[in-house]
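Remember, predicted model here, so these are calculated numbers, not experimental data.
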Amino acid sequence: MDKQQQESRSSSNKKVDLGVIATWVKKHASLYEAATRHPFIESIRNGTVDLSSFRRWLGQDYIFVRAFVPFVASVLVKACNETDDSSDMEVILGGMAALNDELAWFKKEASKWGVTLSAIVPLAANVRYCSFLKSLMSLEVEYTVALTAFWAIEAVYQDSFAYCLEEDTETPEELKETCYRWGNDDFGEWCCTLEERANRRLQMASEDVRKKAEAVFLRVLELEIEFWDMSRVGI
Ligand SMILES: Cc1ncc(CN)c(N)n1
């Protein structure tokens with residue numbers, strides 16, 4: 001990536017350096033927006049959400065998160081093998097700890113909404129996403145690529161649910177706890193730290209690895225869109 005691509009103008013019209021990831025978010029803004037401002041999310045935000053769609057999302061996401069845990073563990077193993085900077089390990093471990101709470105939260109929430117988690121059959125888009133996660137666990141996938149995927153997966157949820165918590169939204173009271181789970185400021189800050197760690201690796205990566213990471217970022221966005229779609233129409 002050349003210098004020009006990484007520069008942007010600040011409000012005072014000074015040139016500021018953008019990280020690699022911010023450059024990609026800008027370059028692929030329409031896809032990023034489709035993933036983080038999806039009609040399912042818009043329907044939560046404007047209060048028109050169909051609760052059967054919400055229940056479907058809840059059950060499917062529980063299955064996804066169970067598959068996500070071993071993926072994050074594989075990122076942690078790669079971090080231990082490929083970097084002597086312990087900051088990466090600490091950030092990834094923080095993410096794993098949050099996933100432990102997340103699984104407990106799904107169980108509690110499922111019983112509140114009358115969703116029987118043991119009876120959930122993964123739908124096609126979820127199966128595709130989980131097999132993509134599995135493919136990223138391969139030893140052949142570089143740490144930088146896997147770390148970028150981890151960031152993208154978490155960032156889509158953070159951005160989407162934080163949007164539902166902005167002022168003057170019609171998010172139903174009973175869904176605010178769900179939005180807060182990923183939309184809260186602490187999780188937002190953790191995502192920013194993860195982005196910094198990924199940017200640091202991307203900055204020092206070869207062009208080939210950077211290209212692979214960009215492709216994985218785009219694939220995550222597509223899969224997140226399909227995941228939201230599935231919640232709405234059950235395809
Ligand atoms: C599909 C999906 N993407 C991301 C996240 C956030 N861990 C999630 N729970 N589910």
Side-chain angles (χ1 to χ4, degrees), residues 21 24-25 27-44 49-50 52-78 92 95-96 98-99 102-103 105-106 109-110 115-161 178 181-182 191 194 198 209 211-235:
I21 285 178
W24 291 344
V25 169
K27 178 174 162 193
H28 305 292
S30 59
L31 193 60
Y32 185 80
E33 189 164 330
T36 55
R37 300 292 180 262
H38 187 275
F40 177 66
I41 286 296
E42 294 286 1
S43 75
I44 293 178
V49 61
D50 169 10
S52 68
S53 296
F54 177 77
R55 283 194 188 88
R56 188 181 304 116
W57 164 80
L58 189 73
Q60 291 296 319
D61 210 33
Y62 173 71
I63 294 182
F64 174 85
V65 174
R66 283 173 58 120
F68 191 49
V69 172
F71 161 70
V72 177
S74 78
V75 181
L76 184 64
V77 171
K78 284 177 178 152
I92 299 163
M96 286 215 75
L99 286 175
E102 205 164 300
L103 283 172
W105 176 84
F106 270 105
E109 206 62 13
V115 175
T116 310
L117 293 175
S118 57
I120 304 289
V121 176
L123 295 173
N126 202 358
V127 171
R128 274 194 296 278
Y129 207 164
C130 292
S131 38
F132 176 68
L133 290 180
K134 213 166 195 167
S135 73
L136 291 176
M137 289 167 62
S138 155
L139 291 177
E140 279 158 33
V141 174
E142 294 82 356
Y143 169 55
T144 304
V145 175
L147 188 65
T148 304
F150 183 26
W151 166 79
I153 294 166
E154 296 291 38
V156 168
Y157 262 44
Q158 208 289 318
D159 199 336
S160 302
F161 285 112
T178 298
R181 163 120 237 121
W182 292 278
C191 283
L194 187 61
V209 167
K211 280 213 166 81
K212 282 192 212 166
E214 185 175 7
V216 158
F217 165 58
L218 295 180
R219 187 68 191 129
V220 166
L221 296 181
E222 287 166 359
L223 287 163
E224 288 287 344
I225 294 166
E226 284 181 22
F227 201 91
W228 297 131
D229 286 346
M230 169 189 70
S231 309
R232 291 190 61 181
V233 288
I235 48 172

For residues Gly59 and Val115, report the shortest heavy-atom separation together with the two atoms involved. CA-CG1, 4.2 Å
Could you work out, with side chain to side chain contact (heavy atoms under 4.5 Å, CB included) as the rule, every residue matching Ala155, not counting sequence neighbours? Trp151
For the OH atom of Tyr32 and the CZ atom of Phe217, what is their distance to the nearest 0.5 Å? 7.0 Å
Show the nearest heavy-atom pair for residues Ile120 and Gln60, with the distance to one decimal. CG2-NE2, 3.6 Å
Residue pair Ser231 / Arg56: nearest heavy atoms and the distance that separates them: O-NH1, 2.5 Å
Quick one: CD1 on Ile92 to CG on Leu194, what's the gap to the nearest 0.5 Å? 7.5 Å
Taking salt bridge (Lys or Arg N to Asp or Glu O under 4.0 Å) as the definition, give me every residue that meets it alongside Glu42, ordered by chain and number, with sequence neighbours left out. none
Least distance between heavy atoms, Met230 atom then Ala125 atom: SD-CB, 3.9 Å
Heavy-atom nearest pair, Leu147 first then Ala198, reads CD2-CA, 3.7 Å
Between Tyr129 and Phe132, what is the ring plane arrangement, given parallel below 30°, perpendicular above 60°, and tilted in between? tilted
According to the salt bridge (charged side-chain N to carboxylate O under 4.0 Å, His left out) rule, which pairs have a member within residues 120-147, sequence neighbours left out? Arg128-Glu226, Glu142-Lys212
His38 vs Trp228 aromatic rings, parallel, tilted or perpendicular, using cut-offs 30° and 60°? tilted
Can you sort out the partners of Glu109 under side chain to side chain contact (heavy atoms under 4.5 Å, CB included), two or more places apart, ordered by chain and number? Leu58, Trp105, Lys112, Trp113, Glu177, Thr178
Any chance you could measure Leu133, atom CG, to Phe150, atom CZ, to the nearest 0.5 Å? 11.0 Å
What are the two closest non-hydrogen atoms of Ala34 and Ile225, and how far apart are they? CB-CD1, 3.6 Å
Point-to-point distance, once rounded to the nearest 0.5 Å, from CD1 of Ile153 to OG1 of Thr148: 10.5 Å
Basic-acidic side-chain contact under 4.0 Å: Glu222, Arg219: yes
Taking side chain to side chain contact (heavy atoms under 4.5 Å, CB included) as the test, write out the residues that go with Thr116, two or more places apart. Ser118, Ala119
If I take atom CG from residue Leu221 and atom CG from residue Leu31, how far apart are they, to the nearest 0.5 angstrom? 4.5 Å
Go through the structure and list residues passing side chain to side chain contact (heavy atoms under 4.5 Å, CB included) with Val65, not counting sequence neighbours. Asp61, Leu99, Glu102, Leu103, Phe106
Please test Trp182 against Asp159 for side-chain contact (heavy atoms from CB on, under 4.5 Å), starting from the C-alpha separation and ending with a verdict. CA-CA 8 Å; Trp182 292 278; Asp159 199 336; over 6 Å; no
Can you classify the ring geometry of Trp57 versus Phe40 as parallel (below 30°), tilted (30 to 60°) or perpendicular (above 60°)? tilted
OG/Ser53 to CG/Asp229 distance, rounded to the nearest 0.5 angstrom? 11.0 Å
Return yes when atom CZ of Arg66 has more than 12 non-hydrogen atoms of other residues, nucleotides or ligands closer than 6.0 Å, and no otherwise. no
